[in-house]
Amino acid sequence: MEKYAKLVVRSNTIYTDNLFTYKVPDFLINELSIGHRVLVPFGRGNKPTEAFVFEIIDNLDEDIKTKEIVDVLDEKPIFRVEDLELVNWMKNRYLCTYIDCINLIYPKGYKLNNYKVVTLNESIDNLSEHKFKEFLLTLNENQTKVIELIISNKGKIKVEKIKDIQNVNSLLDRMAKKQIINLYWEYKDHKNEKKICYISLTMDSDELDDYIKDNKINLGSKQKEIVKFLKNNNNIEINDLMELLNASKKSITSLYDKNLITLKLEDYYRNPNSIYKSSYKDIILNNEQQYAINKITSQMFEENKKPYMLHGITGSGKTEVYMEVIDYALKQGLDSIVLVPEIALTPQTISRFKNRFGDIVGVFHSQLSEGQKHDVYKAIKAGKIRILVGARSALFAPFNSLGVIIIDEFHETSYKSEKNPKFSAIEIAKYMSIKNDISLILGSATPPIDEYYKVKNNEYELIEIKNRANNKPLPKIKVIDMKGQLNNGNKSIFSIPLQNEIQEAIKNKSQVILFLNRRGYASFVSCRACGYVFQCENCDISLTYHKGKNIGRCHYCGYEKEIPKECPDCGSKYIKPFGVGTQKIEEELKTIFPDAKILRMDKDTTSKKGSLEEILNKFKNEEADILIGTQMLSKGLDFENVTLVGILSADMMLNFPDFKSFENTFQLITQVSGRAGRSDKEGKVILQTYDTDHYAIRRAINYDYEGFYSDEIKIRKAFGYSPFNNMISVVISGENEKVVKQNSENMYNSIIYLLKNRGINDFEFILGPNPCSIAKINQNYRWQILFKDDNIEINLLKGIIKYICITKRDVVFNKDVNVSIDINPNSVL
DNA sequence: AGCACGCCGACT
DNA sequence: GTCGGCGTGCTC
C-alpha cells in the first residue's frame, strides 16, 4: 500500500504557499496522521524543512514526482483536525498564507533551525602532517581561510558563520566538487521545554561520609560546603543553591562526576504576575445581572445557540456576569477564555479574576517572552490553567474542553490584528463558537454599529443591562459650547464651568479625569510668517511638538527633530506651536491649579515597563487629584473616587476622515464618561465642543445608544458602508513613488480586465488607486485601492484580488513593493 | 524568499 | 582551464 501526504512547508515566501505532496515512507504509514509536524527535504538543495500534514491520500491525483518524508518531529500531531479547518477558513477569509495562519496556532516554544555545515573531506583529513602542509600550498587565500576556519572550529563550521568572504556559496560549492570539503545540511528541532534542575545527595548523610572516605575522594572547600548544605536541605533548586552559597557550576558538575549528587529535571511554570493590587469585595448581583447569568448558563450545553451580545452600560457590572458564567462552566468541567482589549490597561480585571479563581487563571499576551508563552500553553495542556485572560492571540490557546469565550469591550479596535493574517478576533471567536458549540459572550456598553445590526438580523442573542451595579444613575453630561467661551474672552483650553468643577472636586477630595485624544504638547509647529509646517522626513505627517526637549516628534515612525528658533523656509522668528496635546493640558492645569497633584497617562509617559501600573496605582491610592490622558482612559478603568470627567475637545475625533469617526466619537464619549461616579459618589461629566449639534454628540450626552444606532445606520446604508457591505483595502507601498503608483495602476487595470471578462462593466465599487491619506510612512510611499462588495459577490471579488495579488504577484508587482490586503479594516488611512 | 545552477568574462 | 560574479528559475 502506498500513501502520500499533502503538506504545508514552512518557508517565508508566498510563492510556496500551497500544498506539497510527499510520499509517506513505509515505516511511517501507520504512524503518520493529519496535523503531524514532519521533516521533509525541500527545494533543489533538499534543505531539511519543517512541514505540516494537512491531508493523507492513497493515490496521487496527478502525475508529479514526489520526495519522501524524512520523519515525524513529534510523537503526537501538534494540530487537531479543527485547527487545520480553522487555518483553511482564515486563509480564505483574510487572503493570507497558510504559514501566517499556522504561526498563530503554532504551539509556542517549538522551532526548527536548519543550517548548512562544512567539514573537511576524509581524503584531506587523513593526510599526514607533511602532506597536509603541501596540500595547503596548492590553495588560494580564500580556500585556505575556509580550511583554517574548519580546523579552528573542531572540524565543522556552519556556513553562516563564515564571514568576510564574498560569494561563499560558490566558493564552497567548487571546493566540495573538488572533494576538499563536505557540504551538507543539518537541522535542530528545538522544543523549549523549560525545565528546572533540582539537586539532592545520592545517599544519606552517614553513608555519604563513608563513601567519601572509602574512595579517598578529595573535596574542595566549596564542594564541602555544598555537601554540608545538602545534608540539611535535600532537593533544592540548582539556581537557588548557586546563589545562596555563591557556588559555581564547576563545583556542582564536579560533585556530579564524583557520583555524590543527583540532578533531577522538573517542569517549571513561570508566572508573569502583575504588580497591580485590588481589593476583593463581596458583590450582590442585581436582577439584570442575574438574568444574564441564568440565560447564558442555562443554554451552555445547547447546540446551535447564538452568540450573546451583552449590551450593558458602563459600570453595569459586566465582569461579575463573566465571572459567574465562568464559575458555572468550571463546575461543569469547561474551560474559559477571556479576551481584553489591551492587557497592560486591564490589570484591574486580571486581579479580579485572580482574586476570585486563584492559580487556575493564566495571563497571555504578546509581550510575554516565547518561553513564558510556552509555559502558559503547557500549563493549559496540563490542566493547570483553566481560565485564560489575554489579548486577541489568547484565542488560540490549546484548551482541551473550551466552553466559554468572553470578549470584553468588544468594540475596541485592538481585536482586529494589524499583522498578517489581519484577522478579527470577533469573527474567529464566532467561527469557533458555532463550530464547537462554545458559549460566546460579546460585552460592551457601546457595541459596534455593524455588530448591533446583526442583533436585528437575529445573529446574536441580545442581553441588556440598563442599570449600573451601584444603582446610581449614569453621570450627567453637561455640554459647553467652546465658541461661546471664545466670544466671552476665554481663550484657555479650559472653559469656566470646567475650571469651577475641577476646583469643586478637589475641594471635596474627590478625583478628576481629563480626556484629550492627542498626546504631546501641540499638534503641529508652524511659521506664522510663511505658513511653513514642520514635517517628518520619513512620513507624510506633521511633527507633534514636545516641549520638554523642544523637539518635534513623528507619532508614526518616532522620528525626532529639534525645532529651530528661525523658520528654515523664510527665516522669520514667528515659529509657534498650534493645537493642543496632553502635555500642554498638564502645563496649563499647573498654572490654574498650582496645588493640585497631576498625573499624565499617554504613550509618552507609559512607554517604560511598569510605568503604566505605577500611574494607575498612584491614582487608585489617591496620591493625585487629576489624571490627564488619551484614549487609554476609555478602556475599562475603574476608580471609585472619580466624580468628575472632563472631555476637552470632543470634536477632535469627529473631524477624522474615516467613516467610523462618528461611531468612534460616540464610543469615546460614552466610555470616558463612564469612568465617573462608579462608586457611592455621584459623577459628573463636562464635555467641551465647538460642534454642539452633531448627532454623535447629542446622542452620546443622553446615553441614547439606540438613537445613535438609528441615525448612524441610515448613513451607513446610504453610503454602502459596513454592515451593508464588506470593504477590502489593498495598500501598495514601497520606497520608489513612481513604481508604487505604476504598480497600483497595474493592479487596477488587471482587475478591470478580469471583471470585464466576466461581463462586469460597472466599476463604481472600486475606489482608487489613490495615494493613502497618509501618503508616506517610514520612507515608504503608499497607494490604496478600496473595494466594496456592492453589486458583486464577495467571493468572486476576493478570488480576483487573490489571483492578482498572490497568484500572479510577480507579474503585476515589482519585487520590492509590499502588497497588504485587509478585509474590513479598522481605518482606511 | 532563498537556494543551486549555469553562463560569462577575466585572468593565469 | 579556473575563478569569481551575477542572473535565472524552481520549490512535491
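Note that the coordinates shown come from a computational prediction; the quantities given were computed from them, not determined experimentally. Below, chains carry the letters A, B, ... as their sequence lines are ordered, and counting in each starts from 1.
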Query raised in the report: Can you check side-chain hydrogen bond (donor to acceptor under 3.5 Å, both in side chains) on A/His130 and A/Glu134, steps first, answer last?
Result: CA-CA 6 Å; A/His130 171 71; A/Glu134 245 172 40; 3.3 Å; yes
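- At least one side-chain heavy atom of A/Met175 sits less than 4.5 Å from a side-chain heavy atom of A/Ile147.
- No engagement by A/Ser11 is indicated, since no non-hydrogen atom pair under 4.0 Å with the nucleic acid exists.
- Within 4.0 Å of A/Leu171, counting heavy atoms only, lie sugar-phosphate atoms of the nucleic acid but no base atom.
- Counting to the nearest Å, the P atom of B/dA1 and the CG atom of A/Asn818 are 10 Å from each other.
- Following rounding to the nearest Å, A/Asn46 (CG) and C/dC10 (P) show an atom-to-atom distance of 17 Å.
- At the heavy-atom level, A/Lys47 lies under 4.0 Å from the strands shown only through sugar-phosphate atoms.
- Checked against C/dC12, C/dG5, C/dC3, the side chain of A/Gln143 finds its nearest nucleotide in C/dC3.
- Mapping A/Arg44 and A/Thr21 onto DNA chain C by nearest heavy atom places A/Arg44 closer to the 5' end of the strand.
- Outside the 6.0 Å centre-distance limit, the rings of A/Tyr431 and A/Phe423 are not counted as a close aromatic pair.
- At the phosphate of C/dG4, OP1 or OP2 sits under 4.0 Å from a side-chain N or O atom of A/Asn140.
- Rounded to whole Å, atom C1' of B/dC8 lies 12 Å from atom CZ of A/Arg174.
- Taking 4.0 angstrom as the limit, A/Asn167 places none of its side-chain polar atoms (N or O) nearer than this to OP1 or OP2 of C/dG4.
- Separation of the A/Phe20 and A/Phe42 ring centroids falls under the 6.0 Å cut-off.
- Nearest to the side chain of A/Lys116, among C/dC12, B/dA4, B/dA1, sits B/dA4.
- Between A/Tyr106 and A/Tyr377 the shortest heavy-atom distance is O-CE2, 4.2 Å.
- The nearest whole Å value for the distance from the CD1 atom in A/Ile180 to the P atom in C/dT2 is 12 Å.
- Remark: P of C/dC12 and OH of A/Tyr98 are 16 Å apart, rounded to the nearest angstrom.
- Using a 4.0 Å heavy-atom criterion, one finds that A/Asn18 contacts no nucleic acid atom at all.
- If you check every strand for non-hydrogen atoms under 4.0 Å, A/Tyr15 touches a base.
- Distances shown here put a side-chain N or O of A/Lys65 below 4.0 Å from the OP1 or OP2 atom of C/dT11.
- The phosphate of B/dA4 (OP1 or OP2) has a side-chain N or O of A/Trp185 nearer than 4.0 angstrom.
- The separation between A/Lys815 atom NZ and C/dC10 atom P is 12 Å, rounded to whole Å.
- The residue among A/Phe42 and A/Asn142 whose nearest nucleotide of DNA chain C lies closer to the 5′ end is A/Asn142.
- Between A/Asp173 atom CG and B/dC7 atom C1' there is a gap of 15 Å when expressed in whole angstrom units.
- Between the CG atom of A/Leu183 and the C1' atom of B/dC3 there is a distance of 12 Å, given to the nearest Å.
- With ring centers used as reference points, A/Phe79 lies 6.0 Å or more from A/Phe54.
- Contacts of A/Lys177 with the nucleic acid, taken as non-hydrogen atoms under 4.0 Å apart, are absent.
- An OP1 or OP2 oxygen of C/dG1 is reached within less than 4.0 angstrom by no side-chain nitrogen or oxygen of A/Lys178.
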